[in-house]
Amino acid sequence: MVEIEIDGKKVEAAPGSVIIQAAEQAGTFIPHFCYHKKLSIAANCRMCLVDVEKAPKPMPACATPVTQGMVVHTKSDRAIKAQKSVMEFLLINHPLDCPICDQGGECQLQDLAVGYGGGASRYDEEKRVVFHKDVGPLISMEEMSRCIHCTRCVRFGQEIAGSMELGMSHRGEHSEIETFVGHTVDSELSGNMIDICPVGALTSKPFRYQARTWELSRRKSISPHDATGANLIIQVKNNQVMRVVPLDNEDVNECWIADRDRFSYEALNGPDRLTQPMLKQDGQWITVDWTTALEYVANGVKQIKQDHGANALGCLASPHSTLEELHLATQFMRGLGSDNIDSRLRAAEFPADGHVRWLGTSVAALSTLERVLVVGSNLRKDHPLLAQRIRQAARRGAQVHALNDKVLDWAMPMAQTLTSPSATWVQALANIAAAIAKQNSVAAPVAGDADDANAQAIASSLLSGERKAILLGNAAAHHAKASSLLSLANWIGVQTGATVGYLGEAANTVGAQLVKAQPLQGGMNAAQMLQADALKALFLLNLEPAQDCAGGQAAMAHLGRTAMVVTLSPFKTNLDISDVLLPISPFTETAGTFVNTEGRAQSFHGVVRPLGDTRPAWKVWRVLGSLLNLSGFGFDSIEEVRAQALPTDITARLSNACVQAIDLTPAAQAPVIASIYQLDGLVRRAPALQHTADAEVAHG
């Protein structure tokens with residue numbers, strides 16, 4: 001460690017660190033704009049000038065490395081004068097539009113101008129004007145005259161998002177931040193540019209002019225989308241969600257969130273919201289009260305069970321539901337005597353080994369990997385925040401390999417991409433295993449081409465280095481030969497010292513497995529329930545079969561012939577196939593728990609009151625269980641449900657072990673995966689997200 005002195009206080013700093021980092025560690029604030037803890041040093045705003053003894057002039061704290069015995073003054077006359085001079089230059093061309101600026105109240109420039117700005121400007125010349133740019137539906141660049149050229153947004157694109165979508169053109173007072181030749185900003189992480197902009201140059205287009213920051217209440221929550229479990233701050237006004245921003249958690253999402261975490265809130269206030277129970281009578285939907293709707297469902301379940309037996313009852317539950325909702329849905333079905341429940345909606349293979357599949361390592365560890373093999377994933381779009389961590393590892397020299405059906409742009413340096421039709425992924429992975437076996441002088445688990453050049457390159461890479469991981473993506477998890485892929489991955493992991501795990505599709509993919517939301521004793525799996533004529537009643541929890549199930553439209557046609565379909569959803573959906581619609585709360589209107597891909601259980605509270613007559617799904621299951629005289633439904637609070645649902649030994653339950661024999665026969669069907677903005681009902685109903693380039697590609 002290096003010992004320096006800051007404002008008379010002795011501070012120990014790591015060798016190679018800079019003054020501003022040492023000052024943060026000591027609790028000393030140095031004003032700055034261009035510096036950001038997650039970005040490279042630019043040193044172009046000069047606001048962090050400090051007085052370093054023996055230096056001929058004030059030095060930028062963000063770009064000056066610490067040295068043994070260095071003495072720094074951050075509040076000396078020399079330092080303050082330098083900082084005030086910089087502020088005067090920054091304000092020369094800055095428009096005086098704080099009263100209408102969305103950044104007003106949370107603007108770094110505004111805050112620092114109070115302490116370092118003058119009472120009047122010495123410049124009489126006209127301020128420069130920078131014309132607005134249209135860069136897509138998410139980011140507003142209407143007031144680029146406010147830009148102070150800190151280049152945080154540029155560096156974020158290059159270093160975190162992996163694509164330099166913004167850059168600085170021209171020079172001097174003509175300098176401006178813009179995209180290349182009128183392109184839009186299409187990164188799946190682009191909204192973070194809004195957060196890191198220290199002025200009001202980049203603002204949220206959907207949030208624009210909706211509220212002032214001091215009018216908003218801030219409440220913690222967890223993302224309900226992919227399996228990362230990003231921590232959120234949800235900002236609320238008049239019982240309505242107005243904005244979503246990241247909550248720092250270095251172990252999960254750091255200080256970033258994906259655009260679908262940030263902008264999907266639009267669906268919460270949209271026209272599709274279901275606010276009252278509805279019944280279909282003579283082909284017409286009528287609004288009823290909760291008592292009527294629940295009694296109708298209970299009586300229907302009793303009649304179908306009496307006439308056709310408990311095996312005629314089934315439930316498909318979305319893994320985007322909370323742990324408590326999934327637990328009670330499972331208890332409800334098993335209390336009725338049915339084992340027909342499943343949350344593996346897009347899967348083609350349904351192992352019954354009882355193992356809880358997970359990442360195989362921690363989320364934070366992805367940033368430190370040296371070797372990575374990703375099988376069957378569009379990593380950048382399926383898991384934006386996990387991709388960002390692997391991107392940082394790649395920037396530090398990690399070798400990243402992929403096995404996919406086509407070459408995909410992951411916006412990171414790739415060492416090797418092995419392309420093969422999804423039907424032959426098992427054979428492609430077997431070739432890698434054979435190459436490893438040949439280099440290790442051991443027997444291969446199955447027949448493979450050890451001389452395949454791509455397989456040899458990946459094998460040699462995985463056999464070198466220290467920290468390694470084999471990660472199975474959504475397409476691998478939904479593959480018809482998923483167990484064979486996992487068995488081969490496990491063998492390769494043992495031979496190379498790599499961890500093996502699943503990236504995870506949904507917010508509660510791991511949680512659904514923990515509460516056993518799948519058949520245990522010969523019940524029908526998701527695919528069978530969508531095809532079985534013997535099924536007379538089906539509960540749909542938080543899902544739309546046409547978009548969320550592997551069966552798609554074919555499943556819808558079959559469900560239309562089912563005697564009773566009960567949809568529990570925040571939205572008016574499944575109208576053609578349902579007989580009952582029960583309005584349940586989205587994640588913002590209920591408490592719950594999501595278990596992310598590393599097995600981290602994160603509980604949250606509702607941030608707004610339920611809309612209309614909406615009720616939390618756990619309460620709906622509780623009342624239905626009571627109406628049907630099922631035992632174990634006498635819960636008074638969600639904490640009681642959570643105590644029963646959440647295992648105390650989550651880590652002990654996690655396992656990617658697989659003993660199934662490896663089958664090299666080509667798979668008969670391609671895996672079904674959801675595109676980035678079709679993953680769940682919330683993102684599908686967020687207007688801004690549906691106007692992005694990614695959504696337009698998915699829509700064709």
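In terms of heavy-atom proximity, A657 sits nearest to L486 at O-CD2, 4.4 Å. Counting all heavy atoms, side chain and backbone alike, C549 lies closest to L543 at SG-CD1, 4.1 Å. The minimum heavy-atom distance between L682 and P224, with the atom names listed, is CD1-CG, 3.9 Å. For the residue pair L646 and I650, the shortest heavy atom distance occurs at CD1-CD1, 3.7 Å. Scanning both residues, G337 and N311, for their nearest heavy atoms gives O-OD1, 4.3 Å. The shortest non-hydrogen separation linking H479 to S422 is NE2-O, 2.6 Å.
Considering only residues two or more places apart in sequence or on other chains, A550 meets the side chain to side chain contact (heavy atoms under 4.5 Å, CB included) condition with V672. Remark: T614 pairs with R273, P583, S585, E589, P610, L611 by the side chain to side chain contact (heavy atoms under 4.5 Å, CB included) rule, at least two apart or across chains.
Side-chain atoms of N508 do not come within 3.5 Å of backbone N or O of P319 as any donor-acceptor pair. At least one donor-acceptor pair under 3.5 Å links the side chain of S321 to the backbone N or O of S318. Side-chain atoms of T562 do not come within 3.5 Å of backbone N or O of V565 as any donor-acceptor pair. Put simply, the side chain of R622 gets close to the backbone of F635: a donor and an acceptor are under 3.5 Å apart. Under a 3.5 Å cut-off, the side chain of N404 and the backbone N or O of N378 do not form any donor-acceptor pair. Within the 3.5 Å criterion, the main-chain N or O of S343 finds no donor-acceptor partner in the side chain of Q518. Using modelled atom types, one side-chain atom of T692 and one backbone atom of L689 make a donor-acceptor pair closer than 3.5 Å. A donor-acceptor pair is defined here as one N or O able to donate and one able to accept, closer than 3.5 Å; no such pair exists between the side chain of H383 and the backbone of D226. The backbone N or O of W410 sits less than 3.5 Å from a side-chain atom of R391, completing a donor-acceptor pair. Looking only at distances, no side-chain donor or acceptor of D339 sits under 3.5 Å from a matching main-chain atom of P519.
Using a 4.5 Å heavy-atom cutoff, the side chains of S264 and R684 are not in contact. Using a 4.5 Å heavy-atom threshold, the side chains of M278 and V580 count as separate. Using a 4.5 Å heavy-atom threshold, the side chains of I492 and I470 count as touching. A heavy-atom distance below 4.5 Å is found between the side chains of L503 and L359. You'll find the side chain of Y265 stays beyond 4.5 Å of the side chain of T588, heavy atoms only. Put simply, the side chain of P616 does not reach to within 4.5 Å of the side chain of I584, judged on heavy atoms. Side chains of M564 and V301 form a contact here, defined as non-hydrogen atoms less than 4.5 Å apart. The closest side-chain heavy-atom distance from V375 to L471 is not below 4.5 Å.
No hydrogens or angles considered: a donor-acceptor pair under 3.5 Å links the side chains of T573 and E544. Side-chain contact of H355 with N656: a donor-acceptor pair under 3.5 Å is absent, judged by distance alone. Q690 and Q678 are linked by a side-chain donor-acceptor pair at a separation below 3.5 angstrom, with hydrogens and angles left out of the test. In the model, E640 has no side-chain atom that pairs as donor or acceptor with a side-chain atom of Q644 under 3.5 Å. A donor-acceptor pair shorter than 3.5 Å cannot be found between the side chains of Q660 and S484. In this structure, a donor-acceptor pair under 3.5 Å is present between the side chains of Q602 and N231. A side-chain donor-acceptor contact under 3.5 Å links N574 and T567. A donor-acceptor pair shorter than 3.5 Å can be found between the side chains of N192 and R262. Side chains of E349 and S483: a donor-acceptor N/O pair is present below 3.5 angstrom, by distance only.
Note: W618 and F633 fail the aromatic proximity criterion, with ring centroids not under 6.0 Å apart.
In this structure, CG in L520 is found 7.0 Å from NZ in K516, a value given to the nearest 0.5 Å. The distance from the NE2 atom of H558 to the CE atom of M529 is 11.0 Å, given to the nearest 0.5 Å. In this structure, N525 CG and F350 CZ are separated by 4.0 Å, a value rounded to the nearest 0.5 Å. Distance check, rounded to the nearest 0.5 Å: CD1 of I233 to CZ of R219 gives 11.0 Å. The structure places OG1 of T509 at 12.0 Å from OH of Y502, a figure rounded to the nearest 0.5 Å. To the nearest 0.5 angstrom, L386 atom CG is 10.5 Å from N253 atom CG.
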Apply side-chain contact (heavy atoms from CB on, under 4.5 Å) to residues T228 and N596 and explain how you reach the verdict.
CA-CA 6 Å; T228 308; N596 77 350; 5.8 Å; no

Using the rule given for side-chain hydrogen bond (donor to acceptor under 3.5 Å, both in side chains), can you reason through E598 versus T361, listing the C-alpha separation, both sets of side-chain angles and the distance that settles it, and then say yes or no?
CA-CA 6 Å; E598 69 177 4; T361 184; over 6 Å; no

Test ring-ring contact (aromatic ring centres under 6.0 Å, His included) on F604 and F594 and set out the steps.
CA-CA 8 Å; F604 56 92; F594 292 136; 5.1 Å; yes

Evaluate D680 against H225 for side-chain hydrogen bond (donor to acceptor under 3.5 Å, both in side chains), listing each step before the verdict.
CA-CA 7 Å; D680 57 70; H225 304 302; 2.7 Å; yes

Let me see the working for I638 and R642 under side-chain contact (heavy atoms from CB on, under 4.5 Å), right down to the final yes or no.
CA-CA 6 Å; I638 196 165; R642 184 178 303 137; 4.0 Å; yes

Determine whether S578 and L581 satisfy the following criterion, side-chain contact (heavy atoms from CB on, under 4.5 Å), listing intermediate values before the conclusion.
CA-CA 7 Å; S578 298; L581 296 180; 3.9 Å; yes

Decide yes or no on side-chain contact (heavy atoms from CB on, under 4.5 Å) for L232 and V245, but give the supporting numbers first.
CA-CA 6 Å; L232 311 176; V245 296; over 6 Å; no

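Heavy atoms from other residues, nucleotides or ligands lying under 6.0 Å from CD of Q521 number 12 at most. Other residues, nucleotides and ligands place no more than 12 heavy atoms under 6.0 Å from the NZ atom of K619.
Pairs of residues two or more places apart, or lying in two chains, never qualify as ring-ring contact (aromatic ring centres under 6.0 Å, His included) while including a residue from residues 510-529.
Using cut-offs of 30° and 60° for the angle between ring planes, the F332 and W621 rings count as tilted.
Under the 4.0 Å criterion applied to side-chain N and carboxylate O atoms, D663 and K481 are assigned as salt-bridge partners. Salt bridge status for K572 with D272: absent, with no side-chain N to carboxylate O gap under 4.0 Å. One finds no salt bridge joining D694 and R260 here, because no Lys/Arg side-chain nitrogen approaches an Asp/Glu carboxylate oxygen to under 4.0 Å. Ion pair R685/E266 not flagged as a salt bridge, since none of the NZ, NE, NH1 or NH2 atoms sits closer than 4.0 Å to an Asp/Glu carboxylate oxygen.
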